[in-house]
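Below is one structure, written out as structure tokens; comments come after it.
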Amino acid sequence: RDFVDHVETVDIVGVSISNLVAVWVYLACSFRYGSDDLDLIGMNYRKDIWIQRQQIYPAVGTKPANTPMQEALLKKCEDQGHAFTFNIDTNLPCSVGLQPAPEDVGKACGVDYEVKAYIANEADDPEEKINKKDTCRLIIRKIQFAPGTIPAGPQADISKNFMMSDKLVHLEASIEKELYFHGDPIPVKVKINNETAKVVKKIKITIDQTTEVLLYQADKYTKTVLNEEFAEEVKGESTLEKTFTVIPLLSNNKEKRGLAVDGRLKDEDTNLASTTLIRPGMDKGMQGILVAYKIKVNLLVSSGGLLGGLTASDVGVELPLVLMSPKPADCEMGDSYVMIFWHA
């Protein structure tokens, strides 16, 4: 039920259906921006980003060759099985959801993919009422794995002076590589050169997730997914060079409503949403939800003494961060993942 976005291509969706007559099937990519309760009062809480339909039985036109997995399933179905294939557009978004609050019920907002088979006279006749018992549906997930080559990490630096002083505090921060996998430690290298008489009281490292919702309104917001403070004191006219390790995890952010997470199947666990990778020429408006991360390193610089805390200043830099899932060893471009519906 996972279909991989290889950036240039997307795995085909191949399915076999058993013991059905007059069958249509569709694959829909939709954006959900409201709860199921809204549907009861006549409000539409879903927007179809992309939808494809085809007739499965009786068969029409020519079909692509069956995959080995489809052939195996068809043998089990014998003469009652009917295979079909969908090709997902490469411009479509990956599955991503917005985390509900603990008290929320129903399906979460976000982008999802649904395969539905149904018995009907026409593929999409608004006048025809389709009986619920004549349909079967399955949520699938479009995912994107990290590329094979990971560039070197970014570096940022700043020099700041303070009132009544011509001396500077220099801050430099860097990470070894541009991309890290979900759950992996992220070493952040920090260099401080304090030329002033002031004291660096502590170092704070935060990781922010910025989510941009594009479909129903221009909505962009930022949530902190990691916030750690380190009691490292750098006195005046001294230096510090040290690496701090941080790990942003969804398990530490379960209570944050609206946090973007990777799409999930049923109640299985998931992780923070992967960074959205945009190909050149891709329509951003089709992505539904864009996700990005940045690391912020801040120094709390104090004048010292009893009133030092009241006159403290911040010195900070930002580093872009890409969070993604690693590509499994057995996942090659063109792999087919096959599902089967059984009709009762």
Side-chain angles (χ1 to χ4, degrees), residues 1-7 9-15 26-36 45-52 86-102 104-116 137-146 181-183 209-216 219 221 223 225 248-251 253-254 256-278 282 284-293 322-328 331 335 337-339:
R1 293 166 67 173
D2 287 341
F3 296 84
V4 181
D5 181 348
H6 301 279
V7 181
T9 62
V10 181
D11 288 344
I12 63 170
V13 180
V15 186
Y26 80 58
L27 171 62
C29 171
S30 303
F31 181 74
R32 177 186 295 273
Y33 52 90
S35 66
D36 294 343
Y45 58 91
R46 288 176 64 92
K47 176 180 176 64
D48 288 333
I49 303 173
W50 177 87
I51 189 167
Q52 223 181 56
F86 282 110
N87 290 305
I88 302 178
D89 195 299
T90 56
N91 287 326
L92 294 179
C94 291
S95 300
V96 61
L98 301 180
Q99 181 170 259
D104 290 344
V105 295
K107 295 181 179 179
C109 297
V111 176
D112 62 34
Y113 288 79
E114 180 185 68
V115 180
K116 183 172 81 170
R137 60 184 64 202
L138 184 69
I139 296 296
I140 63 174
R141 181 171 58 180
K142 179 173 178 279
I143 57 179
Q144 192 174 56
F145 294 129
F181 300 143
H182 293 292
Q209 179 197 79
T210 300
T211 303
E212 187 174 2
V213 183
L214 301 172
L215 280 177
Y216 66 97
D219 190 6
Y221 55 91
K223 293 185 179 293
V225 296
L249 296 171
L250 178 59
S251 58
N253 295 275
K254 288 290 190 180
K256 292 183 179 177
R257 184 178 188 180
L259 191 69
V261 299
D262 275 346
R264 69 183 79 196
L265 301 175
K266 291 190 176 180
D267 296 324
E268 71 174 19
D269 201 11
T270 185
N271 44 252
L272 294 169
S274 297
T275 302
T276 306
L277 298 184
I278 302 293
M282 181 181 287
K284 285 179 59 176
M286 287 285 288
Q287 295 305 298
I289 298 176
L290 299 179
V291 178
Y293 293 90
V322 177
L323 282 180
M324 298 193 75
S325 296
K327 180 179 179 180
C331 177
D335 281 355
Y337 295 82
V338 185
M339 302 160 293

Closest heavy-atom contact between [X] and [Y]?
{"X": "His182", "Y": "Leu323", "value": "CE1-CB, 3.9 Å"}
{"X": "Val115", "Y": "Ile140", "value": "CG2-CD1, 3.9 Å"}
{"X": "Leu92", "Y": "Tyr113", "value": "CB-OH, 3.3 Å"}
{"X": "Phe181", "Y": "Ala146", "value": "CE2-CB, 3.6 Å"}
{"X": "Leu277", "Y": "Gln144", "value": "CB-OE1, 3.6 Å"}
{"X": "Val111", "Y": "Pro93", "value": "CG1-CG, 3.7 Å"}

Any side-chain heavy-atom pair of [X] and [Y] under 4.5 Å:
{"X": "Asn91", "Y": "Trp50", "value": "no"}
{"X": "Thr211", "Y": "Val96", "value": "no"}
{"X": "Glu212", "Y": "Thr276", "value": "no"}
{"X": "Ile143", "Y": "Ser325", "value": "no"}

Rounded to the nearest 0.5 Å, what separates atom [atom1] in [X] from atom [atom2] in [Y]?
{"X": "Ser30", "Y": "Ile49", "atom1": "OG", "atom2": "CD1", "result": "7.0 Å"}
{"X": "Leu27", "Y": "Asp89", "atom1": "CG", "atom2": "CG", "result": "11.0 Å"}
{"X": "Leu272", "Y": "Leu249", "atom1": "CG", "atom2": "CG", "result": "7.5 Å"}
{"X": "Leu98", "Y": "Lys256", "atom1": "CG", "atom2": "NZ", "result": "15.0 Å"}

### Message
Checking side-chain polar atoms at under 3.5 Å, does Ser274 have a donor or acceptor matched by the opposite partner on Asp262?
### Response
yes
Has [X] got a side-chain atom pairing as donor or acceptor with [Y]'s backbone, closer than 3.5 angstrom?
{"X": "Arg141", "Y": "Ser95", "result": "no"}
{"X": "Tyr221", "Y": "Gly258", "result": "yes"}
{"X": "Lys223", "Y": "Ala260", "result": "no"}
{"X": "Gln99", "Y": "Asn253", "result": "yes"}

### Message
Taking side-chain hydrogen bond (donor to acceptor under 3.5 Å, both in side chains) as the criterion, tell me which of Glu114, Gln52, Arg137 meets it with Tyr26.
### Response
Glu114
### Message
Determine whether Leu250 and Leu259 satisfy the following criterion, side-chain contact (heavy atoms from CB on, under 4.5 Å), listing intermediate values before the conclusion.
### Response
CA-CA 9 Å; Leu250 178 59; Leu259 191 69; 3.9 Å; yes
